[in-house]
Amino acid sequence: MNGAPTPLAVYQTLFAAHGPQHWWPGDSPFEIMVGAVLTQNTAWRNVERAIAKLIRHRTLAPEAILAARQEALAEWLRPCGYFNVKARRLVNFCRWYLQEGGLTVLAGRDTATLRMNLLAINGIGPETADDILLYAFERPVFVVDAYTRRLFSRLGLVPETIGYEDLRSFFESTLETDRVLFNEYHALIVRHGKEICRPRPLCDRCGLAAVCAFDAEQRDQRW
DNA sequence: ACCCAGGGTCATA
DNA sequence: TATGACCATGGG
């Protein structure tokens, strides 16, 4: 019972504390992909505003994004920050998306190929690619982010400096390959990280320690 | 005024 | 390969 919990036990604790998260917010696979780019290092609230602007200007479609003037596109993306960068990244992504033949064609590809394709796009890094694979293409890929590294290094399960791929394979090799599990798990980690396990102060001083299942001082009692 | 947010790229050593 | 600068808005 002492020492480190298993990843599955962590999942069960998170699920018990927060319940199902119903990710990813978005009405279509393409909207999810757009959201994945726009939320890079950005609060989701601001992404919602930018997506609302795109909808208002009838630009939430790959053809419309490519047809828009870059300046106009950037202006609509202003609320989510890095708007010039993200306008370019969105265009890069949409050019790829249409040139490859759209959703139906892409959905026919195996996960490894799709992941390689996504990573080749300028502006799509590992986390954004995995968001798209898991939440838009519904592939069993474990998405890693800063919250994941922070939580699991605090739990003593991985080194604090572990790289993205190593952390991803830590989960994918430990857990059963389950798209629904991976979906819920990443969402729960984000929820926990946002609301409870803040970067500063640390978990055990966050003021919500009573409801934080992963308080550093409590973990030996819990497991 | 400072820190943070559902990252990624690029230049430099 | 590994840092550091840079991108930028909005909320606590």
Side-chain angles (χ1 to χ4, degrees), chain A residues 10-11 14 18 20-26 29 31-54 56 70-96 115-139 141-154 159-168 171 182-203 205-208:
Chain A
V10 174
Y11 171 78
L14 286 174
H18 301 292
Q21 301 300 303
H22 309 294
W23 268 33
W24 180 293
E31 181 176 339
I32 291 170
M33 300 181 206
V34 168
V37 172
L38 297 188
T39 198
Q40 290 171 357
N41 201 40
T42 299
W44 182 252
R45 176 190 312 273
N46 293 340
V47 177
E48 291 180 314
R49 293 181 173 132
I51 289 179
K53 287 250 186 193
L54 292 181
R56 191 167 306 124
Q70 191 96 0
E71 307 164 336
L73 185 58
E75 192 54 38
W76 300 330
L77 298 181
R78 177 177 288 278
C80 70
Y82 307 131
F83 47 84
N84 289 311
V85 173
K86 284 173 179 175
R88 207 181 321 127
R89 291 181 180 176
L90 229 40
V91 166
N92 291 341
F93 174 77
C94 291
R95 194 162 39 226
W96 168 80
R115 187 167 202 272
M116 200 176 55
N117 295 158
L118 287 166
L119 290 176
I121 302 168
N122 188 302
I124 307 290
E127 185 181 340
T128 307
D130 290 342
D131 277 335
I132 291 171
L133 288 169
L134 177 61
Y135 292 105
F137 287 102
E138 303 187 344
R139 305 305 172 89
V141 170
F142 197 96
V143 179
V144 164
D145 66 348
Y147 292 127
T148 312
R149 186 174 292 99
R150 193 165 73 210
L151 176 57
F152 285 83
S153 62
R154 283 180 184 178
E160 193 176 347
T161 55
I162 190 171
Y164 186 95
E165 293 302 328
D166 287 340
L167 190 48
R168 185 168 73 92
F171 288 102
F182 290 173
N183 177 319
E184 204 61 62
Y185 206 156
H186 175 64
L188 284 165
I189 288 168
V190 173
R191 171 77 184 274
H192 176 80
K194 275 206 294 209
E195 299 189 2
I196 297 175
C197 198
R198 319 303 292 276
R200 246 191 316 276
L202 296 181
C203 231
R205 310 197 59 230
C206 69
L208 293 171

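Chain letters run A, B, ... following the sequence lines, proteins first, then strands; residues in each count from 1.
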Interatomic distance where [atom1] belongs to [X] and [atom2] belongs to [N] [whole Å]:
X	N	atom1	atom2	value
A:Leu167	B:dG7	CG	C1'	15 Å
A:Tyr82	C:dG10	OH	P	14 Å
A:Trp23	B:dG6	CH2	C1'	5 Å
A:Tyr185	B:dG6	OH	C1'	17 Å
A:Arg150	B:dA5	CZ	C1'	10 Å
A:His192	B:dG6	NE2	C1'	15 Å
A:Phe182	B:dG6	CZ	P	22 Å
A:Arg149	B:dA5	CZ	P	13 Å

Only counting residues at least two apart or in another chain, list the ones meeting side chain to side chain donor-acceptor pair (under 3.5 Å) with [X].
X	answer
A:Glu75	A:Arg78
A:Arg115	A:Asp130, A:Glu165
A:Gln40	A:Arg89, A:Thr128

With [X] via side chain to side chain contact (heavy atoms under 4.5 Å, CB included) - residues at least two apart:
X	result
A:Ala72	A:Arg69, A:Trp76
A:Arg49	A:Arg45, A:Asn46, A:Pro79
A:Ala74	A:Phe83, A:Asn84, A:Ala87
A:Ile32	A:Trp24, A:Tyr135, A:Ala136

Item to check | Strand contacts (DNA chain B) in residues 43-50 of chain A, 4.0 angstrom heavy-atom criterion | outcome: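 Going residue by residue through residues 43-50 of chain A, the ones with a heavy atom under 4.0 Å of DNA chain B turn out to be A:Ala43, A:Trp44.
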Next on the checklist: Does A:Arg88 form a side chain to side chain contact (heavy atoms under 4.5 Å, CB included) with A:Gln70? I'd like the steps, not just the answer.
Outcome noted: CA-CA 8 Å; A:Arg88 207 181 321 127; A:Gln70 191 96 0; 3.9 Å; yes
Checklist entry - Ignoring hydrogens and geometry, is there a side-chain-to-backbone donor-acceptor pair from A:Arg149 to A:Val144 under 3.5 Å? => result no
Checklist entry - Is the backbone of A:Ala36 close enough, under 3.5 Å, to the side chain of A:Thr39 for a donor and an acceptor to pair up by distance? => result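 Judged by distance alone, no pair lies under 3.5 Å.
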Item to check | Residue mapping more 5' on DNA chain B - nearest nucleotide basis, A:Ile124 or A:Tyr135 | outcome: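 Here A:Tyr135 is the residue nearer the 5' end.
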Checklist entry - If you check every side-chain atom of A:Phe83, which of C:dA8, B:dG6, B:dG8 has the closest atom? => result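 Minimum distance to the A:Phe83 side chain belongs to C:dA8.
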Next on the checklist: Does A:Arg191 form a side chain to side chain contact (heavy atoms under 4.5 Å, CB included) with A:Tyr147? I'd like the steps, not just the answer.
Outcome noted: CA-CA 9 Å; A:Arg191 171 77 184 274; A:Tyr147 292 127; over 6 Å; no
N/O (side chain, [X]) to phosphate O (OP1/OP2, [N]) under 4.0 Å:
X	N	result
A:Asn41	B:dG6	no
A:Arg78	C:dC7	no
A:Thr128	B:dG8	yes

Categorize [X] for me: base, sugar-phosphate, or nothing, with a 4.0 angstrom heavy-atom threshold over every strand shown.
X	result
A:Gly125	sugar-phosphate
A:Val85	sugar-phosphate
A:Asn84	sugar-phosphate
A:Leu38	nothing

Next on the checklist: Looking at every heavy atom in both A:Val37 and A:Lys86, which two are closest together, and how far apart are they?
Outcome noted: O-CE, 3.9 Å
Checklist entry - What closest approach, in Å, do A:Thr148 and A:Val143 show between heavy atoms, and which atom pair accounts for it? => result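 Scanning both residues, the minimum pair turns out to be OG1-O, 4.2 Å.
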Item to check | Interatomic distance at C1', B:dG6 relative to C:dA5, whole Å | outcome: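 These two C1' atoms come out 23 Å apart once rounded.
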Next on the checklist: Give me the distance, rounded to whole Å, that separates C:dA8 from B:dC10 when you measure between the P atoms they each carry.
Outcome noted: 14 Å
Could you list the protein-to-nucleotides 10-13 of chain B atom pairs, N/O on both sides, closer than 3.5 Å?
| from | atom 1 | to | atom 2 | distance (Å) |
| --- | --- | --- | --- | --- |
| B:dC10 | OP1 | A:Asn122 | ND2 | 3.0 |

Next on the checklist: Test of understanding: with salt bridge (charged side-chain N to carboxylate O under 4.0 Å, His left out), list the residues that count as partners of A:Glu48, not counting sequence neighbours.
Outcome noted: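 Scan of A:Glu48 (salt bridge (charged side-chain N to carboxylate O under 4.0 Å, His left out), adjacent residues dropped) gives none.
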Checklist entry - For A:Tyr164 and B:dG7, are the ring centres under 5.5 Å apart with planes inclined under 30°? => result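 The base of B:dG7 is not stacked with A:Tyr164 (the test needs centres under 5.5 Å and planes under 30°).
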Checklist entry - Given A:Tyr185 and A:Leu14, is the side chain to side chain contact (heavy atoms under 4.5 Å, CB included) satisfied, shown in steps? => result CA-CA 8 Å; A:Tyr185 206 156; A:Leu14 286 174; 4.1 Å; yes
Checklist entry - Using Watson-Crick pairs (N1 to N3, plus N6-O4 or O6-N4) and G-U wobble pairs, both distances under 3.5 Å, which stems of at least 3 pairs involve DNA chain B? => result B:2-5 with C:9-12, B:7-13 with C:1-7
Checklist outcome for this item: B/S/- along nucleotides 1-6 of chain C (protein heavy atoms under 4.0 Å) is ------
